[in-house]
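A quick note: this is a predicted structure, and the numbers were derived from the prediction, not measured.
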Amino acid sequence: MPNLKGRSHQILNLLQSIEQNQPLYLLIHSEENSKEVLTCAILNKVERKVAISKFNNEDVRGFIRFTQNSPYEPTQIDMQLDLHEVAFSYGIDVLPTIKRRKQEQKRCPNIRETIFNPFHIDPEEVPNQAEGTTDQYATGDLSGKFGTLANKKKEIINTLDFNLPLFGYFSVIGRAIVIYAPDGPSLGCANIELENLEMTTAYATFDVPLQGQFIMRQPKDQCFTDTYIYIEISRPYNRNYTKTFNHPWSIHTNPVNGGKFNCPSLILEIN
């Protein structure tokens with residue numbers, strides 16, 4: 001097939017078997033011999049994704065819910081926020097918020113205070129707030145897309161976003177939504193989590209000579225869905241330490257010889 005071309009057709013009733021949990025298989029046949037099967041694959045149903053961020057502190061209460069039926073459709077946003085403190089901007093951070101200690105003083109620990117911008121939209125060239133289409137702003141720039149929270153005690157929004165994926169490599173699931181005061185500090189934050197789904201979590205922790213952790217999460221018993229990965233790793237301080245970059249990493253089925261350090265089994269938890 002040297003000259004592949006894209007086509008789109010509408011065929012009614014094709015997917016009724018999938019809805020009835022009956023497997024369907026897609027076969028590609030030889031051009032010379034229609035009885036010869038070149039390849040085949042099972043058709044897997046794409047389940048709708050619903051994710052939510054819940055805010056519940058003295059300054060911000062409410063939720064932001066995201067719904068996307070498939071990777072090829074826009075994301076529905078349903079927002080209801082009550083603001084008990086003066087707020088201004090809000091957006092999706094590149095990292096989740098993680099509280100490591102019960103006495104953590106920082107309002108939103110672990111975030112980078114950097115808007116999630118995987119397509120490298122230049123912030124100097126975007127339209128004014130709420131004056132452009134959603135694809136003209138950074139993916140996580142919610143106040144740019146929908147307007148700021150300035151002088152508002154309540155924000156209720158129900159809209160579509162064509163640049164806020166819940167599927168694939170650029171998914172916003174697992175990242176934190178952060179609400180900022182006019183002078184910069186965060187008023188509240190909440191991670192974007194899949195709603196009403198039991199998750200399987202796998203994690204690996206390192207102590208020497210590297211320190212850190214890999215955390216991987218996937219909806220339980222849904223092996224074809226996305227896996228969400230959080231990586232945090234560093235090398236203990238050493239005066240003779242030279243920074244290095246771009247280290248490959250891999251996952252092995254069986255334990256491997258780690259040189260001076262034996263590799264324990266991967267730890268699995270159901271949350």
Nearest 0.5 Å please: distance from the [atom1] atom of [X] over to the [atom2] atom of [Y].
X	Y	atom1	atom2	result
Phe146	Met79	CZ	CE	6.0 Å
Glu155	Leu142	CD	CG	10.5 Å
Leu26	Leu43	CG	CG	5.5 Å
Ile92	Ile173	CD1	CD1	10.5 Å

Main-chain N/O of [Y] paired with [X] side-chain donor or acceptor, under 3.5 Å:
X	Y	value
His29	Ser34	yes
Asn117	Ile121	yes
Gln136	Thr133	yes
Arg175	Val94	yes
Asn128	Glu131	no
Ser53	Asn191	yes
Ser30	Glu32	yes
Asp93	Glu113	yes
Thr225	Gln222	yes
Asp59	His84	no

Partners passing side-chain contact (heavy atoms from CB on, under 4.5 Å) against Tyr72 (at least two apart in sequence or in another chain):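 Partners of Tyr72 under the side-chain contact (heavy atoms from CB on, under 4.5 Å) test: Ser70.
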
Is the closest side-chain heavy-atom distance between [X] and [Y] below 4.5 Å?
X	Y	answer
Leu83	Lys153	no
Tyr203	Thr205	yes
Leu210	Ser234	no

State plainly whether one hydrophobic cluster holds both [X] and [Y], where clusters connect Ile, Leu, Val, Met, Phe, Trp and Tyr through side-chain heavy atoms under 4.5 angstrom apart.
X	Y	value
Ile192	Leu197	yes
Ile179	Val172	yes
Phe162	Leu166	no
Leu81	Ile177	yes

Atom of Tyr90, atom of Gly147 and distance for their closest heavy-atom approach: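 Looking at all heavy atoms of both residues, the shortest contact is CE2-O, 3.6 Å.
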
Cation-pi, Phe66 ring and Lys49 (6.0 angstrom, 45 degrees):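 The answer is no; the distance or angle limit is not met.
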
Arg217 and Glu193 ion-paired at < 4.0 Å: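 Yes, this pair counts.
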
Salt bridge flag under 4.0 Å for residues Glu232 and Arg100: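 Arg100 and Glu232: salt-bridged.
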
Asn33 atom CG: more than 12 heavy-atom contacts under 6.0 Å: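 It does: Asn33 CG has more than 12 such atoms within range.
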
Arg48 atom CZ: more than 12 heavy-atom contacts under 6.0 Å: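 Not buried by this count: 12 neighbours or fewer within 6.0 Å.
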
With sequence neighbours excluded, residues passing salt bridge (charged side-chain N to carboxylate O under 4.0 Å, His left out) with Glu58: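 Salt bridge (charged side-chain N to carboxylate O under 4.0 Å, His left out) list for Glu58, sorted by chain: Arg107.
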
Pairs meeting criterion ring-ring contact (aromatic ring centres under 6.0 Å, His included) with involvement of residues 116-138, two or more places apart: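 Of all non-adjacent pairs touching residues 116-138, those that pass ring-ring contact (aromatic ring centres under 6.0 Å, His included) are Phe119-Phe170.
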
Distance-only donor-acceptor check, side chains Asn158 and Gln76, under 3.5 Å: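 There is such a pair (donor and acceptor under 3.5 Å, judged by atom type) between the side chains of Asn158 and Gln76.
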
Passing option when Ile77 is tested against Leu160, Leu164, Thr134 for side-chain contact (heavy atoms from CB on, under 4.5 Å):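 The passing option is Leu164.
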
Residue of the set Asn110, Thr114, Val178 for which side-chain contact (heavy atoms from CB on, under 4.5 Å) holds with Leu95: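 Exactly one pass, corresponding to Asn110.
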
